[in-house]
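Within every chain, numbering begins at 1; the chains are lettered A, B, ... in the order of the sequence lines, protein sequences first and strands thereafter.
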There are 2 protein chains.
Amino acid sequence: MNREDFELSVFTPYLLNQAAEQQSRVFSNTYKNLYGMLQTEWRVLFHLGRYGAMTAKEISIRASIHKTKVSRAVRALEQKRFLGREVSHEDRRMERLTLRPAGQDAFNVLTAAAADYETALATRLGPEDMKHLKRLLMALA
Amino acid sequence: MNREDFELSVFTPYLLNQAAEQQSRVFSNTYKNLYGMLQTEWRVLFHLGRYGAMTAKEISIRASIHKTKVSRAVRALEQKRFLGREVSHEDRRMERLTLRPAGQDAFNVLTAAAADYETALATRLGPEDMKHLKRLLMALA
DNA sequence: TGTTGATAGTTGCTTTTGTAACTAACAAGG
DNA sequence: CCTTGTTAGTTACAAAAGCAACTATCAACA
């Protein structure tokens, strides 16, 4: 790379940012408009819906989200009546988080929307490029 | 995409976010540690260094950054003595922004660091994948 | 039992972003 | 001149993120 000719518009971190902002803006409108949720709330909801009841700590590790963000997302989801908490009997520091019916419904709707979004993107890019893209992104993350 | 099997870890917006966070964290350490700059400040500095003096509005359009973010970045760069402002004679609403020597130095250092970073990434991924990645990201952004 | 260290989760404070409203300057038409 | 509408840039307030300190609980061991 010639330093004199360096262009921000082809700098990979910049391109990644632009693409990520663009793409996540589209899908975030879905959970934001439908349920007034934030990104972290959607991710927490997803983990509980997809993998079943677990503690905040487990979500934090599995989803690579800082525990304070998880804590706030859990409170928000609780206020929406999307999940319930139950203090563990073995260790009273931990809480078992479980989706409530409204949370299950939201999970179903949002997961379907995400799958549709993914399908649409795959159609746009074509199956080969879609595969390449995912492989490359996983290598970077 | 089968909805029952939907996995967040292969959802493109999620992957993009993870990759973008990971990659920009690496480079942001450079301008943050060296000059205490934020991402927007680096981008504004870059545009002035690469394309010469221009107004905040022009930067805002070229770099796709909201004018309030540009305004705050310009103030921060001014306080660091990295740029100077001069009210336009033709239209006194506009200010011509120019890099000062310290800003030029920072631009040179950071541009070189960015080019090095890009080279290292290209080495890691290989030239073919690097080309693919950029093409795909540009298609998404 | 009592101390020490670790862990789950929360809270407080500071920094950053988003959004809308604002000021000052311009331009065009009456 | 004097409205009316537009534009460049700033400011104010609210939403959100980052980080450190805190509480409560547990476990281990003297």
Do the rings of Phe107(A) and Phe46(A) sit parallel, tilted or perpendicular, given the 30° and 60° boundaries?
-> tilted
Starting at CG of Asp105(B), measure out to CZ of Phe82(B) and round the result to the nearest 0.5 Å.
-> 8.5 Å
Separation of atom CZ in Arg92(B) from atom C1' in dT10(D), rounded to whole Å = 18 Å
Least distance between heavy atoms, Ala63(B) atom then Tyr14(A) atom | O-OH, 3.9 Å
Going 5' to 3' through nucleotides 5-18 of chain C and flagging B where a protein heavy-atom sits under 4.0 Å of the base, S where only the sugar-phosphate is that close, and - otherwise, we get -BBSBBBBB--S-B
Find out if a path of hydrophobic residues (ILVMFWY) with successive side-chain heavy-atom gaps under 4.5 Å connects Leu38(A) to Ile65(A).
-> no
Please say which of Val74(A), Thr98(A), Leu99(A) ends up in a side chain to side chain contact (heavy atoms under 4.5 Å, CB included) with Leu48(A).
-> Leu99(A)
Whole-Å gap separating C1' (dA15(D)) and CE (Met37(A)) | 17 Å
Protein-nucleotide distance (His89(B), atom NE2; dC26(C), atom C1'), rounded to Å | 17 Å
